[in-house]
*Asks:* 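One structure coming up, written as structure tokens, with questions to follow.
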Amino acid sequence: MKVLVTGVAGFIGMHCAQRLAARGDEVVGIDNLSPYYSVQLKRDRLKQLRIAFHEMDIADETALSALFEREKPEAVLHLAAQPGVRYSLENPAVYVQTNLVGFANLLECCRRRPPGHLVFASSSSVYGTNPVPWSESQNVDHPVSLYAATKKSNELMAHVYSHLFGLHATGLRYFTVYGPWGRPDMSAMLFASAILDGKPIAVFNHGDMQRDFTYVDDIVEGTLRVLDRPQRYAIYNIGNHQPVGLLDYIAALERALGKKARLEMKPMQPGDVKSTYADTTALARAVGFAPSTPLEQGLQRFAAWFRQYYGRA
């Protein structure tokens, strides 16, 4: 089928597009190559792909509509977004423009020319300070960052379009994704750089934090299985269902890199949460899959890529 992948130069977008193309789907990718982090990294990701690529901002309704009319995608995998909890404290306007205006544009395009399925990235951040483990049945009306609020808004907006116009839409709440080609603002990249440079790592909440780290290959497998099974409207967690303490995570990365870290203990960051933990029962029931790659194995693969890509052999 022909699949439109938004945010195709992003971390998850590149991996999903690569898998889609490998299995024989026709992939049309768009990305605005935002300078939020290294544009060169995004261009290098694109070099790994053999797809039709268009540099485009989803906030540009005219351009997006023209693309839909021209390409007529049979499925849409929407991964374009302004990411990051902490950055949303500094630059809220870009979250409104991309995550709200851009998503509204996409929904309108899907209404006018309905794909068989729209799958869009939500986030584990929507759970805020809910008690763990987090399940899709929990109330998520109390986000603690603007980023989380925009992702919750996406779920609500998609529900409206499903209810009113019959759009088949599924939201995926991703949990702390890591692996090769990851974003430089995420912990694996930040920590690996600091460890190899002999610089201190900022350890928030004095290390008393847990994250449900999920390897990118598992994210791709779950995402594509969902894409292939259209539903009228659904929300699923995609996480490893195994939270790891922050200090244990750093220790595993030290082993993968073969070098000790210097730790600098810090208080909790505004908008952050102490623990994330995915209940993946609903995902497993729906598509027969739940992430399970062990952290040690995933970090070994990440470390090998990191050393190769950045010349840190």
*Asks:* Linking I/L/V/M/F/W/Y whenever their side-chain heavy atoms sit closer than 4.5 Å, directly or via other members, would V273 and M209 fall into one cluster?
*Replies:* no
*Asks:* Using modelled atom types and a 3.5 Å cut-off, is there a donor and acceptor pairing between side-chain atoms of K259 and backbone atoms of A192?
*Replies:* no
*Asks:* Passes side chain to side chain contact (heavy atoms under 4.5 Å, CB included), F120 versus V76? Steps please.
*Replies:* CA-CA 8 Å; F120 63 96; V76 177; over 6 Å; no
*Asks:* Between R19 and L224, which heavy-atom pair has the shortest distance, and what is it?
*Replies:* CG-CD2, 3.5 Å
*Asks:* Mind checking whether W305 and Y310 have parallel, tilted or perpendicular rings, split at 30° and 60°?
*Replies:* perpendicular
*Asks:* Count the heavy atoms of every other residue, nucleotide or ligand shown that sit under 6.0 Å from CD of Q242, and state whether that count exceeds 12.
*Replies:* no
*Asks:* Supply the atom-to-atom distance E136 CD to T281 OG1, rounded to the nearest 0.5 angstrom.
*Replies:* 8.0 Å
*Asks:* Could you check if a side-chain atom of M56 sits within less than 4.5 angstrom of a side-chain atom of D31, using non-hydrogen atoms only?
*Replies:* no
*Asks:* Please report the closest heavy-atom contact between Q48 and D44, naming both atoms and the distance.
*Replies:* NE2-O, 3.0 Å
*Asks:* Side chains of R301 and F306, heavy atoms from C-beta outward: is any pair under 4.5 Å?
*Replies:* no
*Asks:* What's the separation between atom CG in L46 and atom CG in L33, rounded to the nearest 0.5 Å?
*Replies:* 6.0 Å
*Asks:* Does any N or O in the side chain of N240 come within less than 3.5 Å of the main-chain N or O of S292, such that one atom is a donor and the other an acceptor?
*Replies:* yes
*Asks:* Mind listing the side-chain donor-acceptor pairs of residues 79-89 below 3.5 Å, one per line with the distance, residues two or more places apart or on another chain?
*Replies:*
| from | atom 1 | to | atom 2 | distance (Å) |
| --- | --- | --- | --- | --- |
| R86 | NH2 | D272 | OD2 | 2.6 |
| Y87 | OH | N91 | ND2 | 3.0 |
| S88 | OG | V85 | O | 2.6 |

*Asks:* Flag the pair R23 and D25 as a salt bridge only when some basic side-chain nitrogen lies within less than 4.0 angstrom of an acidic carboxylate oxygen.
*Replies:* yes
*Asks:* Give me the atom names and distance for the closest heavy-atom approach of F68 to L4.
*Replies:* CE1-CD2, 3.5 Å
*Asks:* Check whether any side-chain N or O of D212 sits under 3.5 Å from a backbone N or O of G239 as a donor-acceptor pair, and report yes or no.
*Replies:* no
*Asks:* How about E221 and D218: do any of their side-chain heavy atoms sit closer than 4.5 Å?
*Replies:* no
*Asks:* Can we call the ring centroids of Y249 and F213 under 6.0 Å apart?
*Replies:* yes
*Asks:* Report the C-alpha distance between E254 and K260 in whole Å, list the side-chain angles of each, state the deciding distance to 0.1 Å, and finish with yes or no for salt bridge (Lys or Arg N to Asp or Glu O under 4.0 Å).
*Replies:* CA-CA 5 Å; E254 288 175 328; K260 295 291 288 182; 3.4 Å; yes
*Asks:* Are Y277 and H241 an aromatic pair by the rule of ring centers under 6.0 Å?
*Replies:* yes
*Asks:* Can you spot which of F175, Y174, Y178 makes a side chain to side chain contact (heavy atoms under 4.5 Å, CB included) with T214?
*Replies:* F175
*Asks:* If the threshold is 4.0 Å, N to carboxylate O, is there a salt bridge linking D197 and R312?
*Replies:* yes
*Asks:* Does any N or O in the side chain of Q300 come within less than 3.5 Å of the main-chain N or O of L257, such that one atom is a donor and the other an acceptor?
*Replies:* no
*Asks:* Kindly work out whether a path of hydrophobic side-chain contacts (I/L/V/M/F/W/Y, heavy atoms less than 4.5 Å apart) joins L77 to V8.
*Replies:* yes
*Asks:* Donor-acceptor pair, N139 side chain versus D141 backbone, under 3.5 Å?
*Replies:* yes
*Asks:* Whether K42 engages the ring of Y37 as a cation-pi pair (distance to the six-membered ring centre under 6.0 angstrom, angle to the ring normal within 45°) should be assessed.
*Replies:* yes
*Asks:* Please find the pair of heavy atoms, one from L283 and one from P291, that lie closest to each other, and give the distance.
*Replies:* CD2-CD, 4.1 Å
*Asks:* Can you give me the closest heavy-atom contact between P180 and Y215, atom names plus distance?
*Replies:* CD-OH, 3.4 Å
*Asks:* Is the count of non-hydrogen atoms from other residues, nucleotides or ligands lying under 6.0 Å from K199 atom NZ greater than 12?
*Replies:* no
*Asks:* Kindly say whether the aromatic ring centers of H163 and Y233 come within a distance under 6.0 Å.
*Replies:* no
*Asks:* Hey, is the main chain of L172 close enough, under 3.5 Å, to the side chain of S122 for a donor-acceptor pair?
*Replies:* no
*Asks:* Would you confirm whether S162, through its side chain, and L167, through its main-chain N or O, come within 3.5 Å as a donor-acceptor pair?
*Replies:* yes
*Asks:* Strictly by modelled atom types, are H142 and T129 linked by a side-chain donor-acceptor pair under 3.5 Å?
*Replies:* no
*Asks:* Is the shortest side-chain heavy-atom distance between V244 and Q210 below 4.5 Å?
*Replies:* no
*Asks:* CD of E90 to CG of L146: how many Å apart, nearest 0.5 Å?
*Replies:* 12.5 Å
*Asks:* If we only count heavy atoms from C-beta on, is the V3 to E26 side-chain gap below 4.5 Å?
*Replies:* no
*Asks:* CD of E108 to OG of S65: how many Å apart, nearest 0.5 Å?
*Replies:* 8.0 Å
*Asks:* Closer than 3.5 angstrom, by distance alone: can the side chain of R225 be matched with the main-chain N or O of V287 as a donor-acceptor pair?
*Replies:* yes
*Asks:* Is there a side-chain contact between M157 and N154 in this structure, where contact means two heavy atoms from C-beta onward sitting under 4.5 Å apart?
*Replies:* yes
*Asks:* Look at the side chain of D57 and the backbone N and O of A59, then say whether any donor-acceptor pair between them is shorter than 3.5 Å.
*Replies:* yes
*Asks:* So which atom in E55 and which in N32 form the shortest heavy-atom distance, rounded to 0.1 Å?
*Replies:* OE2-O, 4.0 Å
*Asks:* Would you sort out whether I30 and L64 count as a side chain to side chain contact (heavy atoms under 4.5 Å, CB included), showing the intermediate values?
*Replies:* CA-CA 9 Å; I30 64 174; L64 190 63; 3.8 Å; yes
*Asks:* State whether E264 and K266 are salt-bridged, where the test is any N-O pair (Lys NZ or Arg NE/NH1/NH2 against Asp/Glu carboxylate O) under 4.0 Å.
*Replies:* yes
*Asks:* Do Y236 and V216 share a hydrophobic cluster, counting only Ile, Leu, Val, Met, Phe, Trp and Tyr and linking them when any side-chain heavy atoms are less than 4.5 Å apart?
*Replies:* yes
*Asks:* So, does N99 use its side chain to make a donor-acceptor pair with the main chain of T150 at under 3.5 Å?
*Replies:* no
*Asks:* Hey, are the side chains of T176 and T276 touching, using non-hydrogen atoms and a 4.5 Å cut-off?
*Replies:* yes
*Asks:* What I'd like to find out is whether the side chain of E155 reaches to under 4.5 Å of the side chain of V126, using heavy atoms alone.
*Replies:* yes
*Asks:* Say you draw a straight line from CG of L190 to CZ of R183; how long is it, rounded to the nearest 0.5 Å?
*Replies:* 10.0 Å
*Asks:* How far does CZ of F11 sit from CE of M189, to the nearest 0.5 angstrom?
*Replies:* 9.0 Å
*Asks:* Strictly below 4.0 Å, N to O, side chains only: are R112 and E69 in salt-bridge contact?
*Replies:* no
*Asks:* Can I58 and N105 be said to form a side chain to side chain contact (heavy atoms under 4.5 Å, CB included), step by step?
*Replies:* CA-CA 7 Å; I58 57 171; N105 289 343; 5.7 Å; no
*Asks:* Honestly, is R111 close enough over Y161, meaning NZ or CZ under 6.0 Å from the six-membered ring centre and within 45° of the axis?
*Replies:* no
